[in-house]
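Values reported hereafter were calculated over all heavy atoms of this structure, with side chains retained and with hydrogens, waters and symmetry mates removed. Keep in mind it's a predicted model, so treat the numbers as computed, not measured.
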Amino acid sequence: MGVAVEDYDAAHAAVEGSALMRRLWSEAMGDQYPAEVEPFSSCTWRLLGQLVAALRLPPGGRLVDLGCGRGGPGLWLARALSASLVGIDFSPVAVELAARRAPRFLGSGRAEFRRAAFDRTGLPDASVDAAMSVDALPFAADRVAALRETRRILVPGGRLAATVRVSPGGRGDWPAMAESVGLVVEDSLLNREHDEYWRRLHTSWLAHEAQLRAELGDRAAGNLIVEARRALQRSEDLPPHELLVLRRVEDI
């Protein structure tokens, strides 16, 4: 994945409870910032609404959040959809923090969080009604294997909604990869604000470097600063960012 699990652990631990990070995220997103969710991603109010419509989760259904982080988007959606939630992340700190947050959103027994990989969730076959992943699935070491595992745990007709960049051929051809494992594209929704939002956030991180180091610590803040500089220096055009909605078909 390119970044050590210890770096993700440090980031999640530092961001939890950080008033400065909440403020910078809120300023970057404006009225699209879902304060209760406290996203560490591009999860906006608009995206949450799109996910509600895309997943078509039945009341009492089971939702899995792949790369759940501290749990905010998945917990919010599970509450909105009257569902139970399974959060999957490879960071033990993220899983612990998500479990602590769960009672703010869901009643006892309606959420569980486990440390696992995208391609080895440990969940039974056809055990979830829908799956989601916000800015996480593209970090899978083997994207095809991650999609194959998601199909395995989805019920027939179940949907995966994931934010990705789609480009024909190679590692960015999500529709082709999905089709190869028995998932079909049901919808594709462009996120035209995504890159501008991240540009504002990255610019803000650089402008507040000293404050971030003081509040988050050098390891977590240093990684954010490196990310921001690399992103702002990138010159090539990126494929459009979108919410891709995939549905499990019965046979491959």
Can you name the nearest heavy-atom pair linking Leu51 to Ala161, along with the distance? CD2-CB, 3.6 Å
Heavy-atom side-chain proximity of His241 to Asp135 below 4.5 angstrom: yes
Separation between CG (Leu246) and OG1 (Thr150), nearest 0.5 Å, reads 9.0 Å
With a 4.5 Å cut-off on side-chain heavy atoms, are Cys43 and Trp76 touching? no
Can Asp142 and Phe118 be said to form a side-chain contact (heavy atoms from CB on, under 4.5 Å), step by step? CA-CA 9 Å; Asp142 186 332; Phe118 291 121; over 6 Å; no
Could you check whether Arg115 pairs with Glu96 (Lys NZ or Arg NE/NH1/NH2 to Asp/Glu carboxylate O, under 4.0 Å)? no
Which atom names give the shortest non-hydrogen contact between Ala54 and Val245, and what distance separates them? CB-CG2, 3.6 Å
Contact check, side chains of Val86 and Leu63, non-hydrogen atoms, under 4.5 Å: no
Under 3.5 Å donor-acceptor, Thr203 side chain and Arg199 backbone: yes
Closest non-hydrogen contact found for Pro103 with Arg100 is CD-O, 3.3 Å
Heavy-atom donor-acceptor pair, Arg114 side chain to Asp89 backbone, under 3.5 Å: no
Reported CG-to-CH2 distance for the pair Leu147 and Trp174, which is rounded to 0.5 angstrom: 5.5 Å
Are any of the side-chain heavy atoms of Val164 and Leu243 separated by less than 4.5 Å? no
Minimum-distance pair of heavy atoms, taken over all atoms of Ala140 and Ala146: CB-CB, 3.9 Å
Assess the residue pair Leu189 and Glu242 against the criterion (side-chain contact (heavy atoms from CB on, under 4.5 Å)); give the C-alpha distance rounded to whole Å, side-chain angles, the decisive distance to 0.1 Å, and a yes or no. CA-CA 5 Å; Leu189 304 170; Glu242 57 192 83; 5.8 Å; no
Got a sec: does the CG of Asp237 have more than 12 other heavy atoms crowding it under 6.0 Å? no
Linked, directly or transitively: Met21 and Tyr197 (ILVMFWY side chains, under 4.5 Å): yes
May I ask you to test the Met29-Arg46 pair for a side-chain heavy-atom distance under 4.5 Å? no
Should Asp195 and Arg165 count as an ion pair when the cut-off is N to O under 4.0 Å? yes
Ignoring hydrogens, what is the shortest heavy-atom contact between Val5 and Ser91? Give both atom names and the distance. CG2-CA, 4.0 Å
Any salt bridge between Arg159 and Glu186, counting N to O under 4.0 Å? yes
I'd like to know if Glu16 pairs up with Arg70 as an ion pair, taking the criterion as any Lys NZ or Arg NE/NH1/NH2 lying under 4.0 Å from an Asp or Glu carboxylate oxygen. yes
Using modelled atom types only, decide if a donor and an acceptor are shared between the side chain of Arg248 and the backbone of Ala130 within a distance under 3.5 Å. no
Test item: Ser133 side-chain N/O and Leu66 main-chain N/O as donor-acceptor pair under 3.5 Å: yes
Spell out, yes or no, whether Trp45 and Leu81 are grouped together once hydrophobic residues are joined by side-chain heavy atoms under 4.5 Å, including indirect joins. yes
Can you classify the ring geometry of Trp25 versus Phe40 as parallel (below 30°), tilted (30 to 60°) or perpendicular (above 60°)? tilted
Here the gap from Leu47 atom CG to Met132 atom CE, rounded to the nearest 0.5 Å, amounts to 7.5 Å
Could you tell me whether a side-chain N or O of Ser18 sits under 3.5 Å from a main-chain N or O of Val15, the two making a donor and an acceptor? no
Co-membership, hydrophobic cluster, residues Leu137 and Ile153, 4.5 Å side-chain: yes
When you measure from the side chain of Arg22 to the backbone of Ala35, do you find a donor-acceptor pair of N or O atoms at a distance under 3.5 Å? no
Separation between CG of Asp9 and CZ of Arg219, rounded to the nearest 0.5 Å: 8.5 Å
If two hydrophobic side chains count as joined below 4.5 Å and joins carry through other members, does Ile88 share a cluster with Val181? yes
Please report the interatomic distance OG(Ser26) to CG(Asp31), rounded to the nearest 0.5 Å. 9.5 Å
For Thr121, does its backbone N or O pair with a side-chain atom of Glu149 as donor and acceptor, under 3.5 Å? yes
Please tell me if the side chains of Asp65 and Val134 come closer than 4.5 Å, counting only heavy atoms from C-beta onward. no
Checking side chain to side chain contact (heavy atoms under 4.5 Å, CB included) between Arg247 and each of Leu183, Asp187, Val184, Val185, which is the one that passes? Val184
Ion pair check, Glu36 and Arg101, cut-off under 4.0 Å: no
I would like to know whether Glu209 and Arg229 meet salt bridge (Lys or Arg N to Asp or Glu O under 4.0 Å); could you show each step before the answer? CA-CA 11 Å; Glu209 179 176 355; Arg229 287 175 177 158; 3.4 Å; yes
CG (Leu20) and CG (Leu216) are apart, to the nearest 0.5 Å, by 6.5 Å
With a 4.0 Å cut-off, would you call Asp125 and Arg152 a salt bridge? yes
Show the numbers, then the answer: is there a side-chain contact (heavy atoms from CB on, under 4.5 Å) between Val93 and Tyr8? CA-CA 8 Å; Val93 170; Tyr8 281 100; over 6 Å; no
State yes or no: do Leu154 and Val144 share one hydrophobic cluster built from I, L, V, M, F, W and Y residues joined by side-chain heavy-atom distances below 4.5 Å, directly or via other members? yes
For a 4.5 angstrom cut-off between non-hydrogen side-chain atoms, does Tyr33 reach Glu27? no
Which heavy atom of Ala111 sits nearest a heavy atom of Ala102, and at what distance? CB-CB, 4.0 Å
Walk me through it: do Glu227 and His202 pass the test side-chain contact (heavy atoms from CB on, under 4.5 Å)? CA-CA 8 Å; Glu227 174 190 331; His202 287 147; 3.1 Å; yes
Under the 3.5 angstrom rule, does the side chain of Asp129 hit a backbone N or O of Arg62 as a donor-acceptor pair? yes
Would you say Leu77 and Val52 make side-chain contact, with heavy atoms under 4.5 Å? yes
